[in-house]
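In what follows, a structure is listed as structure tokens, so that the remarks can point back to it.
All residue numbers in this chain count up from 1 along the given sequence.
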Amino acid sequence: MIPSKPKTEIRLKGIGVSPGISVGPAERVGKALEEPEHLIIERYEVETERERLNEAIVATREQILALQEEISSAEGENDSAIFDAHLLILEDSSILNEVLRIVETQRKSVDWAYYSVSKRYIDSLRKIADPYLRERAVDIEDVAKRLLRNLRRGAGDEGDDGMRPSQPGTSILLAHDLTPSDTVGLDRTRIRGFATELGSPTSHTAIMARSLSIPAVVALHEMPEDFPAGDIVLVDGYHGLVIINPSPATIAEYETLIEHERTVLTDLEPLRHQDTRTADGRKITLSANIEFIEELDGIISLGAEGVGLYRTEFFYLSRPELRDEENQTANYRKVAEATHPHGVIVRTLDIGGDKLLPELFEDPEPNPFLGWRGIRLSLDQPEEFRLQLRAILRASAFGKIRLMFPFLSTLEELRGAKAQLESAKDELRGAGIAFDEKIEVGAMIEIPSAVLIADHLAKEVDFFSIGSNDLIQYTTAVDRVNDRVAHLYQPAHPAVIAMIRETVEAAHRHGIWCGICGEVASDLTLAPVWVGLGVDELSVGASQLLRMRRALSRLDSATCRNLTESLRAYGSSDQVKEASLLIAKEAYPELLL
Ligand code: PEP
Ligand code: MG
């Protein structure tokens, strides 16, 4: 029974990054990086400060290695790999040289010098538009907190590190931010959920929450400071909602949902490794999207039929040191081997829009979403492009890889990209390096002009994958990352449905298959529309895999085709949603939360 409290209910809206509902007593963890006392030292103390720093580095390194070992045995090497980055930051010579320079020339204590150098890096990373790079500030903050604590300990201060929750029993963690080591260092048997003021769906913490199946909400912005630990908090990871002191009515409503969710999840378990078919036996491939190889274990254990979209730019942007051909090959090979026998669709870099290279900040574009993005950038940098193509080709010798080009708006771009692919193949042949000679090539359809020339594109590729996130944005002229116009971002807009219909029909006219890899592929209310339009593949978020498999198994193709015929008469998104929901409710009411 969930306890209730007669206090004012506060609802906070953030981004749900890991689905599920949790409720329990609140606990605040993870103190912010605190500014140490601004101490001036004497010249003769410089050497002592240098020794203190060295000792703190040794202690910090030992702690990180111990944590890495602990996580590696509990969760596997993927989760513990985050600490490799921490060790690199700890030993980064530009940070350490700068710290020592401040100690020597400005006579500041090493605590203050380390704090000020780290803080500067953290602040500048937090200003970067790209959410993944912005999150790297968390790693530097994590290392800085640990090192400063060791400096204090070296000076005899054994104070609480604020990193681990202190209350017994299970709880919901609330934090300004949770660093990766906060998250992996937690006793997961007693954590029911977490909520943070900062963070994004691409943060390490969000990724780990998903792989641990802990409901989580990030980007809450304004969490009240003053409510006591132990107050009841509810985390709704489905809707990105955090409710502090939920009223008895809210708790009752959610208790029903939690019970319902439990029953549904138990019921879905046997579907993990089943084939995906509609009620009348039509095969639909159900694959999953990934941004990092750390997500592979999770999707494979859920029975994903391969990876339908590997967004390679995340790996590329986050690990600049691994951009060379060997490392890229090794990365793609891992995905291909792990997804055997289904394989992976590797999308070439889709940099641009909101995913920017740091060097692009020097010369910002007025409209990055309409600018130098995706295939445009790759075609303008043929050497870099061929390097990625060679890496993908080389990896294709070790497993099933399909290749896909993003952001195509013209036929010439597709031809240009394929010409680069042929050159990359020639280069490998010349060097005697093996690859899959029959590698399939697909076009991402995510720009209206590509839809309108789909018949031409279809003649020159092996498959289409609809990038609905962008297709909605460009069809309706609604910036996908702008909160102010979010109500106009309508996946069920009749114009969007018409674009998708046209794309699927063009693919089928030319004997190729067509999938959807944008977020709408995971939308259970619109699944009847995708079946009715004849979509062949859906690449979904891991948490929706089993639900979607069940939903599809209850849908009948003929009923769904009647639905999509009837949609031609509608002019508004609400009408489309309503008509589709009617069928979805009839077929799988228990899945519609
Ligand atoms: C899309 O646009 O739907 C898509 C899958 O690509 P991204 O979200 O990476 O732009
Ligand atoms: Mg896109």
Does any donor atom in the side chain of Y332 or Q388 lie under 3.5 Å from an acceptor atom in the other side chain? yes

Electrostatic pair R415-E412, nearest N-O below 4.0 angstrom: no

Is it true that atom NE2 of H340 has more than 12 heavy atoms of other residues, nucleotides or ligands lying nearer than 6.0 Å? no

Is it the case that the side chain of E313 and the backbone of D350 share a donor-acceptor pair, with hydrogens and angles ignored and the cut-off at 3.5 Å? yes

Just by distance, do the side chain of E295 and the backbone of E291 share a donor-acceptor pair under 3.5 Å? yes

Does a salt bridge link D275 with R549, judged by any charged N lying under 4.0 Å from a carboxylate O? no

Could you check E305 against K283 for side chain to side chain contact (heavy atoms under 4.5 Å, CB included), going step by step and ending with a plain yes or no? CA-CA 12 Å; E305 296 164 56; K283 172 73 194 148; 2.6 Å; yes

Has the side chain of Q544 got a donor or acceptor atom that lies under 3.5 Å from a matching backbone atom of S522? yes

Treating E413 as the side-chain partner and S409 as the backbone partner, does any N or O pair qualify as donor plus acceptor under 3.5 Å? yes

Please determine if E565 and R568 form a salt bridge, counting it only when a charged side-chain N lies under 4.0 Å from a carboxylate O. yes

Ring pair (Phe, Tyr, Trp, His ring centres under 6.0 Å) between F369 and F407: does it pass, once the steps are laid out? CA-CA 10 Å; F369 271 117; F407 208 62; 8.7 Å; no

Taking atom types as modelled and ignoring hydrogens, do the side chains of E537 and S287 form a donor-acceptor contact shorter than 3.5 angstrom? yes

Is there a side chain to side chain contact (heavy atoms under 4.5 Å, CB included) between E440 and L403 once you walk through the steps? CA-CA 6 Å; E440 291 171 32; L403 194 147; over 6 Å; no

State whether F398 and R333 meet the cation-pi test: NZ (Lys) or CZ (Arg) under 6.0 Å from the six-membered ring centroid, and within 45° of the perpendicular axis. yes

With a 4.5 Å cut-off on side-chain heavy atoms, are I290 and I299 touching? yes

Taking the side chain as everything from C-beta on, heavy atoms only, tell me whether L421 gets closer than 4.5 Å to V441. yes

Run the numbers on D462 and K438 for salt bridge (charged side-chain N to carboxylate O under 4.0 Å, His left out), then give the verdict. CA-CA 11 Å; D462 300 299; K438 296 202 178 75; over 6 Å; no

Determine yes or no for a side-chain-to-main-chain donor-acceptor pair under 3.5 angstrom, with T278 supplying the side chain and L552 the backbone. no

Backbone N or O of N469 within a donor-acceptor pair of the Y489 side chain at under 3.5 Å? yes

Could you tell me whether the side chains of Q490 and T476 share a donor-acceptor contact shorter than 3.5 Å? no

Test side chain to side chain contact (heavy atoms under 4.5 Å, CB included) applied to V307 and I345, step by step: CA-CA 6 Å; V307 167; I345 299 181; over 6 Å; no

Should D523 and K577 count as an ion pair when the cut-off is N to O under 4.0 Å? no

So, does K13 use its side chain to make a donor-acceptor pair with the main chain of V242 at under 3.5 Å? no

Are D574 and S572 close enough that a side-chain donor and a side-chain acceptor fall under 3.5 Å? no

Could you pull out all residues at least two apart from R386 that satisfy salt bridge (charged side-chain N to carboxylate O under 4.0 Å, His left out)? E383, E427

Look only at the side chain of T564 and the backbone of V529, and say whether a donor-acceptor pair between them is shorter than 3.5 Å. no

Find the distance between OG (S378) and CG (L389) and round it off to the nearest 0.5 Å. 8.0 Å

Output yes when R394 and E325 qualify as a salt bridge under the 4.0 Å nitrogen-oxygen rule, no when they do not. yes

Using a strict 4.0 Å threshold on nitrogen-to-oxygen distance, state whether E337 and K400 make a salt bridge. no

Does a side-chain N-to-carboxylate-O contact under 4.0 Å join K418 and E422? no

Between S566 (side chain) and L563 (backbone), is there a donor-acceptor pair under 3.5 Å? yes

So, does N289 use its side chain to make a donor-acceptor pair with the main chain of C517 at under 3.5 Å? yes

Any Lys/Arg nitrogen of K585 or E578 sitting under 4.0 Å from an Asp/Glu carboxylate oxygen of the other? no

E590 atom CD, over 12 foreign heavy atoms within 6.0 Å: yes

Quick one: do the Y310 and N331 side chains pair a donor with an acceptor below 3.5 Å? yes

I'd like to check L414 versus I375 (side-chain heavy atoms, cut-off strictly below 4.5 Å). Are they in contact? no

For L271 and R550, run side chain to side chain contact (heavy atoms under 4.5 Å, CB included): C-alpha distance rounded to whole Å, both residues' side-chain angles, the deciding distance at 0.1 Å, then the answer. CA-CA 7 Å; L271 297 186; R550 165 62 50 80; 3.5 Å; yes

Do I447 and L471 come close enough that some side-chain heavy atom pair is under 4.5 Å? no

